[in-house]
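So the structure is just underneath, and the comments pick up after that.
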Number of protein chains: 2
Amino acid sequence: MKDILFGDELLKTLEALSNPYRIKIIGILKQERQYVSQLARMLSISRPLLYLHLQKLEDAGLIKGQHEISDSGKAMKYYELISFNIPLNEELVAKAADSITIKNRKD
Amino acid sequence: MKDILFGDELLKTLEALSNPYRIKIIGILKQERQYVSQLARMLSISRPLLYLHLQKLEDAGLIKGQHEISDSGKAMKYYELISFNIPLNEELVAKAADSITIKNRKD
DNA sequence: TTCATATGTAATAATTTTATTACATATATA
DNA sequence: TATATATGTAATAAAATTATTACATATGAA
């Protein structure tokens, strides 16, 4: 289960979930783990684009990837969901606000 | 209290909360409503930029604005928080995924 | 009347995010 | 060996988001 969140972590998690493809990725991985190429087909997007989205989800700690060798011997990368449950209310957001960083753009 | 969320609404709400200034705005308005110029000073940002952020929060149904005439007779616009509590977990996100729209970029 | 403060928005610039294209490597199967 | 599938990433383009600048209007107080 994904950890409790501090300010910048909450922001990162919300950003990670703020995209339709990434929402759909969570929906798919909730049912069953998938390997990258298969996931790309299910979403009808290219692998490079998918990697970008997977990276953001993984950076936020919402999914994790692992390499495996398939029965037939091919290298596969599987992604699976990390369970999470965030009570997104004004208390949590206000608490996050206290420790949030407004980062200089461009670095 | 803000309503329960469907797919595109959840996305809109998450997007609205995916910015440090907007997180801070929620934090401030949780304590007490504020008028625009005052809020801009508290955040150390310009009003035009603040308007942009307020608009996104209001579009998501997280805050609401109202005009008032101050005691001294000046036109003021106050914003206040709308309470919300979203159980952000994989069930909710998966449910949202079913009804989410991947919109054509550029319209 | 002048200064300070409030409102609001249009036009533009800067930056980040998203998406595409073009590579390269490896293994299984026909 | 050729074809299909898997991996991964660098370079670039396109689009959206964020931020700035420059306006304009109105009221209260000095």
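Side chains are part of it too, since the values below use all heavy atoms of this structure and drop only hydrogens, waters and symmetry mates. The sequence lines fix the lettering, A, B, ..., with proteins before strands; numbering per chain opens at 1.
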Length of the [atom1]-[atom2] vector between [X] and [N], whole Å:
X       : N      : atom1 : atom2 : answer
A:Leu49 : D:dA10 : CG    : P     : 16 Å
B:Leu52 : D:dA16 : CG    : P     : 15 Å
B:Leu54 : D:dT17 : CG    : C1'   : 16 Å
A:Tyr21 : D:dA15 : OH    : C1'   : 13 Å
B:Gln55 : D:dA19 : CD    : C1'   : 16 Å
A:Leu50 : C:dT21 : CG    : C1'   : 17 Å
B:Ile23 : D:dT18 : CD1   : P     : 12 Å
A:Arg22 : C:dT18 : CZ    : C1'   : 9 Å

Measure from the side-chain heavy atoms of B:Lys56 and tell me the nearest of C:dA22, D:dT17, C:dT18.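 Among the listed nucleotides, the one closest to the side chain of B:Lys56 is D:dT17.
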Using the side-chain heavy atoms of A:Pro48, tell me which of these nucleotides is nearest: C:dT18, D:dT18, D:dT9.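 So the nucleotide nearest the side chain must be D:dT9.
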Return no unless some side-chain N or O of A:Asn19 is found under 4.0 Å from OP1 or OP2 of C:dT18. yes
Verify the contact: side-chain N or O of A:His53 to OP1 or OP2 of C:dT17, cut-off strictly under 4.0 Å; return yes or no.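 No, no such contact exists.
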Just the table, please: protein N/O against nucleotides 3-6 of chain D N/O, every pair under 3.5 Å.
unit_1, atom_1, unit_2, atom_2, d
D:dA6, OP1, A:Tyr35, OH, 2.7
D:dA6, OP1, A:Arg41, NH1, 3.4
D:dA6, OP1, A:Arg41, NH2, 2.8
D:dA6, OP2, A:Arg41, NH1, 2.5

For B:Lys95, what residues pass the salt bridge (charged side-chain N to carboxylate O under 4.0 Å, His left out) criterion, not counting sequence neighbours? none
Toward the 5' end of DNA chain C, which comes first, A:Ser46 or B:Tyr78, by nearest nucleotide? B:Tyr78
Counting only heavy atoms not in B:Gln66, do more than 12 sit closer than 6.0 Å to its CD atom?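 Result for CD/B:Gln66: enclosed.
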State which residues pass side-chain hydrogen bond (donor to acceptor under 3.5 Å, both in side chains) with A:Lys77; sequence neighbours excluded, sorted by chain then number.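 With neighbours one apart ignored, the set is A:Tyr79.
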Those residues at least two apart in sequence (or on a different chain) that pass side-chain hydrogen bond (donor to acceptor under 3.5 Å, both in side chains) with B:Ser83 are A:Glu90
Selection: residues 9-17 of chain B, any non-hydrogen atom under 4.0 Å of DNA chain D: none
Let's see if you get this right: which residues in residues 60-73 of chain B place a heavy atom under 4.0 Å from DNA chain D? B:Ser72, B:Gly73
Closer than 3.5 angstrom, by distance alone: can the side chain of [X] be matched with the main-chain N or O of [Y] as a donor-acceptor pair?
X       : Y       : result
B:Lys2  : B:Ile86 : no
A:Glu68 : A:Tyr78 : no
A:Lys56 : A:Glu15 : no

Of B:Ile28, B:Leu29, B:Ile23, which is the lone residue that meets side-chain contact (heavy atoms from CB on, under 4.5 Å) with B:Ile25?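 The single option meeting the side-chain contact (heavy atoms from CB on, under 4.5 Å) with B:Ile25 is B:Leu29.
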Please lay out, stage by stage, how B:Val93 and A:Phe84 fare under the test side chain to side chain contact (heavy atoms under 4.5 Å, CB included). CA-CA 10 Å; B:Val93 175; A:Phe84 62 98; 3.9 Å; yes
Residues B:Leu14, B:Leu88; criterion side chain to side chain contact (heavy atoms under 4.5 Å, CB included); working and verdict: CA-CA 10 Å; B:Leu14 294 174; B:Leu88 188 60; 4.0 Å; yes
Side chain to side chain contact (heavy atoms under 4.5 Å, CB included) for A:Leu54 and A:Leu39? Distances and angles first, verdict last. CA-CA 10 Å; A:Leu54 291 173; A:Leu39 196 48; 4.0 Å; yes
Minimum heavy-atom separation for A:Gly65 to A:Glu58, with atom names? N-OE2, 3.1 Å
